[in-house]
Amino acid sequence: WSEAVGRPLAETIIPPRHREAHKKGIERFLATGEGPVLNRLLELTALRRDGHEFPVEIKISSLRLEGGCFFYAFLDDITERKRAEEALRMSEERLRAVMTSAPVVLWAVDREGAVTFSAGKGLEAMGIKPGAVVGQNVFDLYRDRPDALENHRRALAGESFTVDFEGSGRFLETQYAPLFGPGGEIAGAIGVSVDVTERRVAQEGLRHYAERLAILREIDQAILAATSPEAAAGGALRRVQRLIPFRRATLITIDMQAG
């Protein structure tokens, strides 16, 4: 930027749309001694040599000497920081969209087991409001559930794993993982629970259907293999009892040929 020496600042790093405001700001300071942007850390837009704009962090100060008033500034290109902030913002928006539309619960506990975060649409089906259990300890909340206590102990010991968990009448597929502090020490645990109740119910329905179908096939085979009507009926009856449990039954056989 050696070619900038001797040129008005407005023609170098200030975007065209801000040049008039820059000019008026200097005139105001020279006339009143007031400069609202002086000695403050600001985020502004600057202009590159090729004409492209980029975000900067800048602090402007003034200095009065015998020769007049001088301005000096410290400027830092924050393009990468802004990109990181935007990526983080988009990631948070995607996470928020998932948590407000999908049957998911996200939670976190500190190293003592105190809940520090609890949110997600999946809480609705469990009758729990987001944040309602924050501050409570999981070792108190689940004191009657040894399996839940063991899962949290494993995560707080540094283990990552996935388990199926049933609670409040819902089936949850839960991923546990430890949270680490800046020094690498375990600072707590985090979990993501997905409500898979409907899937489990559907799977259970399919399992029952398969069992009933297998029994019906056994009945057919028993009838075909029987050597007498009584044997056929008895074999079928024993298998029907697995479909429709009963304590007593009356078996009636009819000879269709004899009428």
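Side chains are part of it too, since the values below use all heavy atoms of this structure and drop only hydrogens, waters and symmetry mates. Keep in mind that what you see is a predicted model, and the values were worked out from it rather than measured.
Atom CD1 in Ile13 sits 8.5 Å away from atom NE2 in His22 (nearest 0.5 Å). Separating the OG atom in Ser118 from the CD atom in Gln136 is a distance of 9.5 Å, to the nearest 0.5 Å.
For the pair Glu173 and Thr162, the tightest heavy-atom approach, listed with the atom from each and the gap, is CG-CG2, 4.0 Å. The two atoms that bring Phe139 and Arg153 nearest to each other are CE2-CG, 3.9 Å, heavy atoms only. Between Ile128 and Ala132, the closest heavy-atom pair is CG2-CB, 4.2 Å.
Hydrophobic clustering keeps Ile60 apart from Ile78 (ILVMFWY residues linked when any side-chain heavy atoms are closer than 4.5 Å, directly or through intermediates).
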Result block: side-chain N/O donor-acceptor pairs under 3.5 angstrom for residues 174-186, not counting sequence neighbours:
{"from": "Thr174", "atom 1": "OG1", "to": "Ser193", "atom 2": "OG", "distance (Å)": "2.9"}
{"from": "Glu185", "atom 1": "OE1", "to": "Gly183", "atom 2": "N", "distance (Å)": "3.1"}

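Pairs of residues two or more places apart, or lying in two chains, that qualify as salt bridge (charged side-chain N to carboxylate O under 4.0 Å, His left out) and include a residue from residues 77-90 are Glu43-Arg81, Glu43-Lys82, Arg48-Asp77, Glu57-Arg81, Glu80-Arg83, Arg81-Glu85, Lys82-Glu85, Glu86-Arg89, Arg89-Glu93.
The closest side-chain heavy-atom distance from Tyr142 to Asn151 is not below 4.5 Å. Annotation: side chain of Phe117 is not in contact with side chain of Val134 (no heavy-atom distance under 4.5 Å). Residues Val138 and Val115 form a side-chain contact, since some pair of their non-hydrogen atoms from C-beta on lies under 4.5 Å apart. No side-chain heavy atom of Leu47 sits less than 4.5 Å from a side-chain heavy atom of Ile14. Between Phe29 and Leu38, some side-chain heavy-atom pair lies under the 4.5 Å cut-off.
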Apply the test side-chain contact (heavy atoms from CB on, under 4.5 Å) to residues Ile58 and Phe74: give CA-CA distance (whole Å), side-chain angles for both, the deciding distance (0.1 Å), then the verdict.
-> CA-CA 6 Å; Ile58 186 171; Phe74 296 95; over 6 Å; no
Kindly indicate, with the supporting measurements, whether the criterion side-chain contact (heavy atoms from CB on, under 4.5 Å) is fulfilled by Thr45 and Arg17.
-> CA-CA 10 Å; Thr45 301; Arg17 65 181 183 281; 4.2 Å; yes
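Residues passing the side chain to side chain contact (heavy atoms under 4.5 Å, CB included) test with Val194, sequence neighbours excluded: Val104, Val196. Qualifying salt bridge (charged side-chain N to carboxylate O under 4.0 Å, His left out) partners for Arg28, counting only residues two or more places apart in sequence or in other chains: Glu34. Applying the side chain to side chain contact (heavy atoms under 4.5 Å, CB included) rule to Val56 yields the partners Leu44, Ala46, Phe54, Leu75; only residues at least two apart in sequence or on another chain are considered. Judged as a salt bridge (charged side-chain N to carboxylate O under 4.0 Å, His left out), and not counting sequence neighbours, the contacts of Asp147 are Arg145.
Neither side chain, Thr116 nor Asp110, offers a donor N or O lying under 3.5 Å from an acceptor on the other.
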